[in-house]
Amino acid sequence: MRRLLPHPLLTVSLAILWLLLVNQLSAGHVVLGALLGWLIPFATSPFWPEQIRIRHPLALMHYLGIFVIDIVRGSFLVAWLILRGPARLRPAFVQVPLVLRTDLAISLLANTISLTPGTVSAHLAADKRTLIVHTIDTGDAEALVAEIKQRYEAPLKKIFEEED
Amino acid sequence: MNGFMHLPILPVVLPLIAGIVLLALRNAPLRLQRGVSLAAALALIPLAVSLLQSVSDGSHLVYALGNWEAPYGIVLVADRLTAWMLLTTSLLAAFALLYAVGAPSGGTSSHSTKPASGQVAGYPQPSPQMGEGANARPTPTYDRDGRHFHVLFQLQLFGLNGAFLTGDLFNLFVFFEILLLASYGLLLHGGGRLRVKAGLHYVVINLVGSTLFLFAVGTLYGVAGTLNMADLAVKLAATPADNVALVRSAGLLLFGVFALKAALLPLYLWLPAAYAHTSAPVAALFAIMTKVGVYSILRVYSLMFGNDAGAVAGLLDAWLAPLALATLALGMLGAVASTALKQQAAYLMVASIGSLLLAFGLGSTEAIAAGLYYLPHTTFATAALFLLADSIGRARGTLADRFESGPAMPGARVLGGLFFVIAMAIAGMPPLSGFIGKFMLLKAALASPLLPWVWSVVLVTGLVGLIALARSGSLLFYRTHSSHDPAAQTPTNAALAPVVGLLLLVAGLVIWAGPLSDYASATAAQLLQPQLYIGAVLGTTP
Amino acid sequence: MTLFFAVLTPFVGAALVALVSRLGRSHSAWAAGAVTLASLLWLAPSWHLPFAGSLLVQQHDWMPALGLNLAFRLDGLGLLFAGLILGIGLLIVLYARYYLSERDSMGRFYSYLMLFMGSMLGIVLSENLIQLLIFWELTSLSSFLLISYWQHREEAREGARMALAVTGLGGFAMLGGFLLLGHIVGSYELSDVFASGDLIREHPLYLPSLLLILLGVFTKSAQFPFHFWLPHAMAAPTPVSAYLHSATMVKAGVFLLARLYPALSGTPEWFWLVSGTGLATLLLGAYVALFKHDLKGLLAYSTLSHLGLITLLFGLSTPLAAVAGVFHIINHATFKASLFMAAGIIDHEAGTRDMRRLHGLWAFMPYTATLAMVAAAAMAGVPLLNGFLSKEMFFAEAMEVSEYLLGGWLLPALVTLAGALAVAYSIRFIHDVFFNGAPVDLPHTPHEPPRWMKVPVEVLVVLCLVVGIAPTLTVAPLLAVAAQGTLQAPLPEYHLALWHGFNPALFMSLIALAGGALIYRARRPLTAWHERTLDRLDARVVYNALLDGLVGASRFVTRLIDTGSLQRQVFLLLAAALVLGVAPWLAGGAALAGSRTGLPLDPVSFVAAATLIVATLATVWLHRQRFVALVTIGVVGLVVSLIFIKFSAPDLALTQLSVEVVTIVLLLLALYFLPQQAASEREPARAWRDGAIALLAGGGTAALAWAVLTRPYDTIAGYYLENSVPGGGGSNVVNVILVDFRGYDTLGEITVLALAGLGIVAMLQGMKLPAPSRDDTGRVWDADAHPTIMATLTRILLPLALLVAVFILLRGHNQPGGGFIAGLITSVALIVQYLANGAQWTHQRMVSAPSPQMGEGANAEPKPVYDSHPLIAWGLAVAAFTGLGSWLFGYPYLTSTYGHLRWPVVGEFELASAMAFDFGVFLVVVGATLMILVNLGGLHHALPKHREKH
Amino acid sequence: MIDILLSLLILTGAIFTFIGSLGLARLRDFYTRLHGPTKATTLGVGCLLIASALFFSVRDEGVSLHEVLVTLFLFITAPVSAHLLAKAALHLKLRSLTPTLKEGDDTPAHL
Amino acid sequence: MEMLIALVIGVLTAGGVFLALRGQTFPVVLGLTLLSYAVNLFLFVMGRLAIGVPPVISDAASAYTDPLPQALVLTAIVISFGMTAFVIVLAIKSRAELGNDHVDGLQREEDRNA
Amino acid sequence: MLSIVIPIAFALVSLAFLLSFWRLLKGPDAPDRILALDTLYVNTIALLVLLGIHLGSALYFEAALLIAMMGFVGTVALCKYLLRGDIIE
Ligand code: NA
Ligand code: NA
């Protein structure tokens with residue numbers, strides 16, 4: 001099975017993306033999308049060192065929900081901060097100690113942080129145990145760290161790293 | 001269409017496919033690569049001959065690529081001029097290639113002494129002499145001084161032949177770019193300090209030139225709405241008064257581009273360094289490169305701005321002949337001023353361009369015929385000089401081809417004899433073809449108002465060239481001292497044979513001067529009747 | 001064809017002689033003699049014809065349309081000269097065999113000699129003027145070889161070059177002259193020319209053609225002021241001097257005077273030019289000869305003088321003078337050749353030619369001395385010798401025409417003076433060398449030469465004697481036919497005899513003899529005076545100054561123009577383009593703007609354009625901060641894509657965007673190896689100049705664009721719009737043009753791309769570059785080569801990007817997209833992998849897809865390599881062979897076809913062969929782009945990289 | 001109704017795009033400037049893309065969802081860009097208003 | 001609008017020309033890039049300016065702009081891309097061979113600051 | 001309604017474009033300029049989407065998609081250069 005279908009998840013995603021790309025739903029394109037979704041992973045499999053396994057699809061859905069809300073929230077917040085003027089900003093670098101271990105999970109966390117309220121992942125320590133985050137405006141750095149860990153890191157840990 | 005229907009496309013497709021095959025064979029034994037390359041290059045000669053036979057009755061072979069009729073698709077057009085250029089190119093290419101595979105390259109090229117270090121960027125690459133056994137240390141030849149020589153060579157021919165055959169102005173641009181990029185690769189082949197510098201200049205100036213080409217083609221399209229040269233000729237002949245200045249402007253810009261490629265004053269400065277510093281077989285092949293510019297001038301300005309072109313006719317009347325005269329004069333001065341043989345050869349090339357364009361600039365049937373006869377002569381003779389200069393340089397060891405007194409060189413008798421003959425040919429001394437060409441040109445000029453100018457410049461530069469070549473020959477071969485240079489190498493037969501071959505071509509130009517000059521005259525007459533070309537391409541009866 | 005073969009024989013013989021020289025020293029001489037005889041034999045059947053009063057012309061077509069044929073003619077004049085050339089040639093062959101030393105290459109000498117002999121024969125036997133000129137030039141070339149025979153000697157090289165330059169000048173001039181003559185007559189055949197004498201003389205081009213031809217004649221015959229090369233040509237071996245510089249080559253000039261005498265003579269122009277030059281040379285040569293200390297120098301100037309005499313005779317334009325001229329040609333050839341040979345013997349045996357050291361040789365070589373004395377007496381015009389006869393005729397003719405000249409006495413006085421000088425130098429030759437005390441410090445003790453070395457001299461001296469004593473029995477018939485051949489008319493009344501009674505000529509001869517003796521007696525004060533004054537005037541100085549001037553001026557001009565500066569070249573190109581582009585508008589009357597109405601301006605476009613302009617200016621302004629310039633040029637590219645989008649060119653926008661980013665990556669790679677900051681401009685003036693031309697160029701293109709955009713035009717575009725779908729099977733017309741209507745362009749375009757890749761690979765071969773370990777501010781690079789977050793997330797992008805690439809590729813025929821853009825997307829997707837994960841990591845992963853390297857060299861490291869050559873090869877092959885497929889169906893190259901396939905489930909599916917072509921494009925683009933970037937990216941690996949660790 | 005929704009989305013998108021760039025222009029140090037484009041602009045473009053999807057779905061027959069793809073792309077790439085920019089800024093030790101990052105600190109890991 | 005485009009082309013050309021005339025390879029490459037932008041735009045607008053009428057055949061479209069210049073520019077872009085790549089590598093090569101980045105390979109102290 | 005909103009949106013996005021460009025010119029540091037260029041790319045996407053809606057043409061979508069991709073690659077390459085000099089190592 002692994003040989004015939006190296007990345008089933010990727011295959012499905014690509015097929016869907018193909019339909020999005022061609023912007024139409026026809027039998028022909030479903031076949032073609034499936035075909036591409038099947039073929040492309042063969043070409044790209046060497047680039048994927050680890051098999052991506054989503055252990056908790058529901059948790060992922062939930063996480064994505066939070067993610068979208070936080071993007072909107074974050075955008076409004078940053079917009080407001082920009083409009084309010086630079087003088088009152090309280091920027092800071094904060095260190096987020098990581099419990100995540102896989103590169104993918106860490107990267108997704110960094111990504112999430114960057115897209116959500118007032119924070120940008122600036123640097124990952126060489127040992128990958130600490131993520132340094134720049135925040136545009138914070139009064140309480142520790143609260144921010146806690147929020148990141150609880151709101152994003154924990155679900156990611158659950159989705160990508162914890163065994164069932 | 002007589003003969004094989006696809007004849008006009010063959011001179012283009014053959015080197016392209018040879019290039020592709022050679023690319024695929026890049027790791028195959030060198031002997032196989034050379035075989036393919038030589039076979040392809042040699043096969044071009046019968047092709048060109050049969051094309052020449054097909055058009056020698058005055059017909060135009062028109063080949064509609066993609067089966068799209070002119071002016072919508074791109075057409076190839078073969079007439080006498082095209083066949084003439086193709087034949088010249090194929091003959092030259094065969095000898096240049098023979099030299100590249102046979103002559104030793106050691107001593108002038110920076111990489112030749114380390115045959116095993118063929119690595120690109122630290123990644124192991126197939127070394128060029130692959131297949132002959134890794135332990136063998138074969139004599140370095142030019143085709144293995146760097147990578148992809150044969151591919152570049154074949155694609156160079158692809159570009160050249162394409163440029164001579166195309167009937168479409170934009171397609172001419174495309175093939176200019178092909179032959180340029182191939183020439184960049186060949187020019188730089190083997191590397192080396194001066195070569196790289198000259199290459200940089202050559203590349204940059206040609207890039208600016210290509211830009212100019214596009215401006216000109218663009219403007220012509222913007223006015224006439226077409227790209228096919230025959231169609232352009234029709235459209236431009238009907239240029240309304242309002243657009244005349246615009247069209248003439250575009251036409252002259254185009255001339256600037258061709259003048260750059262042809263190395264016409266004041267745009268010849270790229271040539272001496274580029275030709276003097278590249279490898280000998282490449283310099284020899286490049287003898288035809290400038291002729292592409294010359295050809296384009298002849299083609300475009302006889303067809304699109306010729307006598308039938310109405311308000312835009314005679315576009316180059318005021319420009320070409322005077323500039324050509326000045327080029328001839330300055331080229332010859334450069335030959336006198338040169339401090340090394342290859343440099344002198346390069347300047348002589350500039351001077352020959354002056355003669356050629358002077359002939360075309362005079363514009364009469366006789367003058368154009370003179371130029372057409374002179375064209376293969378100067379191509380072969382200059383190429384032979386470049387090849388010989390290489391052997392001379394090698395025989396002189398560390399002194400190379402510099403005009404400095406040095407020890408007597410091994411093989412001086414043969415080298416000197418060949419030099420003497422080539423110098424005679426180039427200086428226009430009888431009975432060689434240079435003299436015949438000059439004779440035809442001077443004769444043709446009798447009818448021109450520029451007669452005093454033409455005669456005085458041609459005759460005086462002829463003398464100056466003779467003096468310059470006598471000086472260099474005397475210095476290289478006579479003014480020797482008795483020391484010994486261990487770096488001196490005896491010329492090999494493989495290195496001399498192509499030179500002799502080219503000289504035999506020159507001799508052929510003399511022996512068959514009658515039929516060849518008749519062909520040249522017929523070609524000139526054909527060029528001066530653009531309606532024949534237009535009729536053949538657009539399917540209208542002239 | 002006999003004449004042709006007579007001429008050809010020596011040329012073929014030259015090769016033969018060179019070949020047999022390997023067999024032994026004498027073989028060449030024998031062969032040369034045989035060749036000369038063979039040539040004579042070819043002539044033998046026709047020998048009698050001139051005497052029988054008939055003319056032999058043999059013709060063979062060469063370039064009939066240009067009037068240039070192989071045409072040979074044997075008349076009296078030709079016969080005389082052919083006889084001289086071959087006869088004296090034979091003697092020279094014999095003489096040289098003994099003259100040349102062990103060190104000299106016999107083969108080379110005789111080979112050159114044969115070349116020269118053939119060339120001379122060609123001249124004298126030519127019927128066609130241009131053909132004559134061909135041989136004329138060949139004599140210049142072969143004499144160059146002969147003069148420079150002792151090439152290790154500076155004076156030989158210089159003398160040869162001088163001779164070549166001067167005679168070359170004449171040759172080129174003569175070409176012009178002959179062309180004019182041919183133009184006047186309408187033919188280059190001598191027969192036609194002779195028939196058109198009056199036409200020629202009355203033609204407005206007569207004078208120019210005469211001047212040009214005379215330039216050729218005078219340079220060849222070393223007439224004043226072109227005389228100076230001849231003495232320097234004496235650096236040649238003496239047989240050469242004897243042959244070329246007395247008997248033959250220099251006679252080519254006077255031969256031509258004789259040859260064209262019927263066509264050109266008889267005008268005042270001819271008279272003054274020819275006789276004036278001849279007289280000047282006659283006097284000058286005779287005068288200088290007197291003071292030469294070198295034996296051969298004396299003879300050389302004496303030769304000048306005699307050539308002047310002959311020239312003067314032809315210039316006089318009377319038939320009798322012409323006869324005298326021909327007669328003196330014969331006589332001079334015999335006595336001068338023998339004198340040269342004698343001088344050569346003396347030189348050979350005594351080791352010097354300096355007359356200040358050569359004295360009293362009579363005691364050592366009385367036989368040679370006797371021969372030399374007879375010949376010298378002939379030269380002096382002593383009665384009973386041939387020289388006397390022709391000189392008498394000369395004096396007589398000088399008297400005859402003296403009425404034209406000042407007071408009637410000047411010409412006779414001057415020629416008598418010349419005669420006296422000739423007597424004086426002849427006496428000197430004899431007295432100084434053979435008597436006048438004992439030799440001074442000679443290198444060898446002189447003795448008589450070998451037997452066979454004397455024979456040629458004997459033969460010639462005997463000829464001097466028999467002709468001088470019994471002219472009517474010996475030379476008269478030959479002279480008659482030769483004179484007839486010259487005049488091409490009935491001969492005048494003349495009588496060859498020793499005694500003509502007491503006439504002015506006899507008195508002049510006597511005065512000359514007596515005067516000569518007197519002058520020789522006064523030689524010491526005269527020499528002193530000469531060396532103080534006139535000796536310093538040397539035409540050679542002028543020649544050298546001219547030559548140095550030429551070289552100096554050439555160097556100056558060439559260096560002035562060709563400075564090896566790229567900037568100058570670019571500047572010149574731009575300036576030329578400006579001049580060419582603007583010139584037509586200066587004619588006046590043309591309005592720049594046309595009648596077409598344009599689109600209204602909208603604010604967004606304005607913003608975009610303003611951004612582009614500012615970004616361009618910023619790029620220019622900040623170009624020294626290279627990184628910044630890179631960013632600003634990125635903006636320019638972006639806005640250009642926007643412009644494409646705005647004006648309905650989505651394909652272009654897509655292409656521009658993709659190219660843009662690859663270019664930036666390339667430039668970044670370059671920046672790494674180039675200085676990141678540049679020095680400030682050293683010459684502010686240059687910046688101003690460049691700024692000016694930049695503004696002009698910008699203004700020019702803007703004006704050009706404006707001029708076109710405001711004009712209406714008819715275009716062939718409609719055809720493409722109409723035929724795209726029915727003919728090309730695609731609705732994206734741009735793509736259909738690219739892969740179908742103008743697929744040939746695209747084939748060329750991908751070849752360019754492939755060439756760029758291959759050229760770059762070839763260029764980078766063996767190149768090593770040190771990797772800078774710090775940036776331009778001195779900061780050590782960041783330690784984190786492949787940031788985890790970037791690496792991880794870009795990997796996710798790869799399949800996505802490939803999907804997009806496939807999408808763009810497949811839709812290209814009908815919607816914006818196509819092989820090129822798809823290829824770039826693919827490349828970019830892979831490049832990002834390189835950026836994020838490094839070259840090695842990526843290579844390892846790409847190797848599995850295409851085939852690994854075959855046939856690695858033995859020294860290759862076992863490191864996996866991604867080689868994009870196959871991609872390029874396949875891509876080109878797909879594109880090229882797709883086009884070839886149409887041949888099978890009898891259609892031209894690149895003819896496309898398309899069809900609709902109905903597949904189960906999928907439905908209707910269009911397939912066009914042009915899509916295969918596009919796929920080829922795709923492959924080439926991917927291959928070339930990767931090849932370029934990856935090779936460039938890996939450059940620093942050539943050296944171990946030392947990066948400071950944190 | 002659709003029209004209003006569309007207008008709202010377009011306006012919101014444009015405003016956010018504008019504010020993002022405004023932040024880029026206005027804010028005082030690089031690190032704070034980084035936030036504007038990464039968030040506001042991303043959302044702005046997101047809104048516009050949704051508007052586009054809506055517009056074409058309504059206008060033509062069939063839904064138009066390919067805009068989602070652009071959004072997806074941006075959401076994957078924008079944070080990576082921001083991260084690398086921040087890394088580069090830290091590497092270059094850009095002046096920061098952030099008190100915790102002092103001049104002379106070797107790497108941010110010392111925070 | 002035509003005036004604006006002409007101006008844009010002019011400015012690009014002027015900038016390109018000025019940089020192409022500089023003495024170091026990098027600005028020359030930038031200049032050539034600007035020139036290629038200029039000429040591509042020029043060639044493109046030779047089909048005249050038209051908004052919203054891309055040459056993609058569809059039933060909905062009422063008009064099309066001239067597709068030919070677009071095809072030509074595409075070819076030109078690709079070619080100039082290849083050329084630019086080549087000249088960039090050549091610039092590096094020239095630096096490696098000549099020791100500095102002057103187009104004439106002059107030895108100047110201030111050129112060697114990297 | 002759209003006819004009012006779209007010009008306003010165009011104006012806003014154009015302003016955004018100009019502001020980003022201003023930052024690009026001003027710098028002061030290399031990362032600022034890269035960030036500005038990246039933002040310009042995103043602004044351009046916005047412009048394209050607006051143009052697509054304005055002209056009612058879906059032909060601009062691919063351009064937007066490509067800008068998203070290419071803008072990212074450009075930014076990554078520029079940053080990598082600042083960090084490591086050698087971008088493909
Ligand atoms: Na965030
Ligand atoms: Na086709």
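The model shown is predicted, which means the values in this text are computed figures rather than measured ones. Lettering follows sequence order; numbering is per chain, from 1.
Side chains of C:Thr715 and E:Asp66: a donor on one and an acceptor on the other come within 3.5 Å. No side-chain donor-acceptor contact under 3.5 Å links E:Thr65 and C:Ser648.
Contact annotation for C:Thr710: neither backbone nor side-chain heavy atoms come within less than 4.5 Å of a heavy atom of chain E. Residue E:Leu12 touches chain C through both its backbone and its side chain, counting heavy-atom pairs closer than 4.5 Å. Proximity to chain C is limited to the side chain of E:Ile5, based on heavy atoms less than 4.5 angstrom apart. Of the atoms belonging to C:Val725, it is side-chain heavy atoms, and not backbone ones, that fall under 4.5 Å from chain E. Residue E:Phe42 touches chain C through its side chain alone, counting heavy-atom pairs closer than 4.5 Å. At a 4.5 Å heavy-atom cutoff, the contact between E:Val78 and chain C is made by backbone and side-chain atoms alike. The contact between E:Leu49 and chain C is made by backbone and side chain atoms together, counting heavy-atom distances below 4.5 Å.
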Residues C:Val733, E:Tyr64; criterion side-chain contact (heavy atoms from CB on, under 4.5 Å); working and verdict: CA-CA 10 Å; C:Val733 187; E:Tyr64 304 102; over 6 Å; no
Verdict with reasoning, E:Asn40 to C:Val640, per side-chain contact (heavy atoms from CB on, under 4.5 Å): CA-CA 9 Å; E:Asn40 289 341; C:Val640 169; 6.0 Å; no
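Interface check for chain C: of the options E:Val45, E:Thr84, E:Val28, the most heavy-atom pairs under 4.5 Å are formed by E:Val45. Chain C forms the most heavy-atom pairs under 4.5 Å with one residue out of E:Ile9, E:Ile57, E:Ile77, E:Val17, and that residue is E:Ile57. Comparing C:Leu755, C:Val752, C:Leu652, C:Asp602 by heavy-atom pairs within less than 4.5 Å of chain E, the highest count is held by C:Leu652. When C:Leu709, C:Leu601, C:Val736, C:Val620 are compared by the number of non-hydrogen pairs under 4.5 Å with chain E, C:Leu709 comes out ahead. When the candidates E:Leu4, E:Thr25, E:Val103 are compared by the number of heavy-atom contacts under 4.5 Å with chain C, E:Leu4 comes out ahead. Considering only heavy-atom pairs separated by less than 4.5 Å from chain C, the leading option among E:Pro54, E:Ala91, E:Gly82 is E:Pro54. Note on E:Ser80, E:Gly47, E:Ala50, E:Gly15: by heavy-atom pairs under 4.5 Å with chain C, the leading option is E:Ala50. Between chain E and the residues C:Ile645, C:Leu666, C:Leu617, C:Leu721, the most heavy-atom pairs under 4.5 angstrom are made by C:Leu721. With chain E as the partner, the residue from C:Leu695, C:Ile932, C:Ile750, C:Leu574 showing the most heavy-atom pairs under 4.5 Å is C:Leu574. Ranking C:Val639, C:Leu704, C:Leu630 against chain E, the residue ahead of the rest is C:Leu704, based on heavy-atom pairs under 4.5 Å.
Shortest non-hydrogen contact noted between C:Ala702 and E:Ala6 is CB-O, 3.2 Å. In this structure, E:Leu30 and C:Ala629 approach most closely via the heavy-atom pair CD1-CB, 3.6 Å. For the residue pair E:Ile92 and C:Leu674, the shortest heavy atom distance occurs at CA-CD2, 4.5 Å. Closest approach of C:Gly598 to E:Glu2, counting heavy atoms only: CA-OE1, 3.1 Å. In plain terms, the two heavy atoms of C:Val708 and E:Met46 that are nearest each other are CG1-SD, 3.4 Å. What you find for E:Pro27 and C:Arg626 is that their closest heavy atoms are CD-NH2, 3.7 Å.
Put simply, the side chain of C:Arg742 reaches to within 4.5 Å of the side chain of E:Leu72, judged on heavy atoms. C:Ile693 is not listed as a side-chain neighbour of E:Phe18, based on a closest heavy-atom distance of 4.5 Å or more. Using a 4.5 Å heavy-atom threshold, the side chains of C:Leu667 and E:Phe26 count as touching. Residues C:Val636 and E:Tyr37 are in side-chain contact: their nearest non-hydrogen atoms beyond the backbone lie under 4.5 Å apart. Two residues are said to be in side-chain contact when any heavy atoms from C-beta on lie closer than 4.5 Å; C:Arg624 and E:Arg22 fail this criterion. When side chains are defined from C-beta on, E:Met1 does not count as touching C:Pro600, because their heavy atoms never get closer than 4.5 Å. Under the 4.5 Å side-chain criterion, counting only non-hydrogen atoms from C-beta, E:Phe86 is in contact with C:Met763. Side chains of E:Leu74 and C:Asn735 form no contact here, defined as non-hydrogen atoms less than 4.5 Å apart.
The NZ atom of E:Lys93 lies 12.0 Å from the CD1 atom of C:Ile760; values are rounded to the nearest 0.5 Å. One distance of note links CZ of C:Phe647 with CG of E:Leu41; it measures 9.5 Å at 0.5 Å rounding. From E:Thr75, atom OG1 reaches atom CG of C:Leu738 across 5.0 Å, with rounding to the nearest 0.5 Å. Note that CD of C:Gln815 and OG of E:Ser58 are 8.0 Å apart. Values are rounded to the nearest 0.5 Å. Within the model, atoms CG of C:Leu669 and CD1 of E:Ile88 stand 8.5 Å from one another, a figure rounded to the nearest 0.5 Å.
Figure legend: cation-pi geometry between E:Arg48 and C:Tyr713, with NZ or CZ positioned under 6.0 Å from the six-membered ring centre and within 45° of its axis.
Using cut-offs of 30° and 60° for the angle between ring planes, the C:Phe820 and E:Phe81 rings count as perpendicular.
For the pair E:Asp104 and C:Arg568, the salt-bridge criterion is not met [side-chain N within less than 4.0 Å of a carboxylate O].
Without hydrogens or angle criteria, C:Gln567 side chain to E:Leu21 main chain gives a donor-acceptor distance under 3.5 Å.
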